[in-house]
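Residue indices begin at 1 and follow the sequence shown. Bear in mind the structure is a predicted one, so any value in this text is a computation, not a measurement.
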Amino acid sequence: MFATEIKGVPLQFETDRTLFSPDAVDAGTLAMLSEVEFSPEDKLLDLGCGYGVVGILAGRLIGPERVVLCDISERAAECARRNAERNGVPELDIRVSDGLSRIPERGFTLILSNPPYHTDFSVAKRFIEGGFQRLALGGRMVMVTKRLDWYKNKLTAIFGGVRVSRVDGYYVLTAEKRTQTVRPKRKKKGDALSRKLRRKRERSRGTDGGARRE
């Protein structure tokens with residue numbers, strides 16, 4: 001167990017050696033939180049909550065009824081529930097969920113996530129695509145990573161744009177939902193050109209074939 005203070009809120013956390021960053025709040029999470037301002041009107045999802053740092057802080061600041069936490073690990077969810085009670089927000093909605101599989105709600109204004117960026121990108125891909133669908137129009141997805149290029153490209157492809165901040169060696173990426181549908185991938189000019197050439201060749205072959213049949 002350790003004590004800390006974030007955004008002026010004193011907090012205590014029970015952890016487990018099997019969970020991510022058991023001795024202190026992860027520096028990436030702190031970097032992400034430094035870029036986020038919470039509003040009393042927010043509806044927030046802590047996606048991949050671990051032992052509950054982000055969601056519990058949010059619950060203290062905007063009210064536990066406005067916050068949902070989820071993690072694939074039953075042990076993490078169990079720790080998060082105990083930490084929620086320890087920090088005065090026992091009403092928090094904390095779920096065991098493989099990504100967003102048990103998060104059917106829509107209309108979140110904030111989704112915050114510190115995904116496992118040292119593995120492949122399959123988890124982050126599901127987080128980003130599923131998160132977009134669950135955000136309200138104008139809602140924001142905020143992620144933190146040390147691997148900029150893939151996250152920047154993926155968030156831009158889905159949201160149409162992303163703001164990147166560098167904080168203490170981490171990249172904090174904020175993407176806003178500006179449309180209800182996923183943005184289609186832009187067609188490469190080379191692909192369009194090749195299709196035009198194929199059609200031109202097909203027309204040419206058809207003309208030549210007609211001449212030979214005469």
[X] versus [Y], closest heavy-atom pair with distance:
X	Y	value
G59	L92	CA-CD2, 4.3 Å
G99	F127	CA-CE1, 3.7 Å
P10	N87	O-OD1, 4.2 Å
I94	A84	CD1-CB, 4.1 Å
C70	I103	CB-CD1, 3.9 Å
A80	C49	CB-SG, 4.4 Å

Mind checking whether [X] and [Y] have side chains closer than 4.5 Å, heavy atoms only?
X	Y	value
M1	T15	no
M143	L112	no
I6	L30	yes
I56	V89	yes
M32	V54	yes
W150	N153	no
R95	V68	yes

For the [atom1] atom of [X] and the [atom2] atom of [Y], what is their distance to the nearest 0.5 Å?
X	Y	atom1	atom2	answer
T179	F159	OG1	CZ	11.5 Å
R81	E14	CZ	CD	13.0 Å
M141	S113	CE	OG	6.0 Å
S39	L61	OG	CG	11.0 Å
L45	L100	CG	CG	6.0 Å
N114	S21	CG	OG	9.0 Å

- Taking it one step at a time, do T109 and L44 satisfy side-chain contact (heavy atoms from CB on, under 4.5 Å)? CA-CA 6 Å; T109 62; L44 182 141; 5.9 Å; no
[X] side chain to [Y] backbone, donor-acceptor under 3.5 Å:
X	Y	result
D42	F38	no
T145	L148	no
K177	F132	yes
D46	G55	yes
T4	L11	no
K7	L33	yes
T156	K152	yes

Which residue pairs pass the salt bridge (charged side-chain N to carboxylate O under 4.0 Å, His left out) test when at least one of the two sits in [range], sequence neighbours left out?
range	answer
residues 157-168	E35-R163
residues 62-80	D16-R75, R75-E78, E78-R82
residues 107-134	D98-R126, K125-E129, E129-K154

- Can you check salt bridge (charged side-chain N to carboxylate O under 4.0 Å, His left out) on D149 and R147, steps first, answer last? CA-CA 6 Å; D149 291 345; R147 302 174 70 177; over 6 Å; no
- Message: Other residues, nucleotides and ligands only: do more than 12 of their heavy atoms fall within 6.0 Å of CD on E5?
- Response: yes
- Task: Please check if atom CD in E85 has more than 12 non-hydrogen atoms from other residues, nucleotides or ligands closer than 6.0 Å.
- Result: no
Going by ring-ring contact (aromatic ring centres under 6.0 Å, His included), name the residues that satisfy it together with [X], two or more places apart in sequence or in a different chain.
X	answer
Y171	none
Y170	none
Y51	F13

- What's the verdict on side-chain contact (heavy atoms from CB on, under 4.5 Å) for L19 and C79, showing C-alpha distance, side-chain angles and the deciding distance? CA-CA 9 Å; L19 301 178; C79 273; 3.9 Å; yes
Mind checking whether [X] and [Y] sit in one hydrophobic cluster, side chains of I, L, V, M, F, W, Y counted as touching below 4.5 Å?
X	Y	result
L47	I62	yes
L137	V182	no
V167	V144	yes

- So V142 and L173, side-chain contact (heavy atoms from CB on, under 4.5 Å) or not? Walk me through it. CA-CA 6 Å; V142 185; L173 300 98; over 6 Å; no
- Task: With side-chain contact (heavy atoms from CB on, under 4.5 Å) as the test, would you mind laying out the steps for L57 and V53 before giving the verdict?
- Result: CA-CA 6 Å; L57 174 66; V53 174; 5.5 Å; no
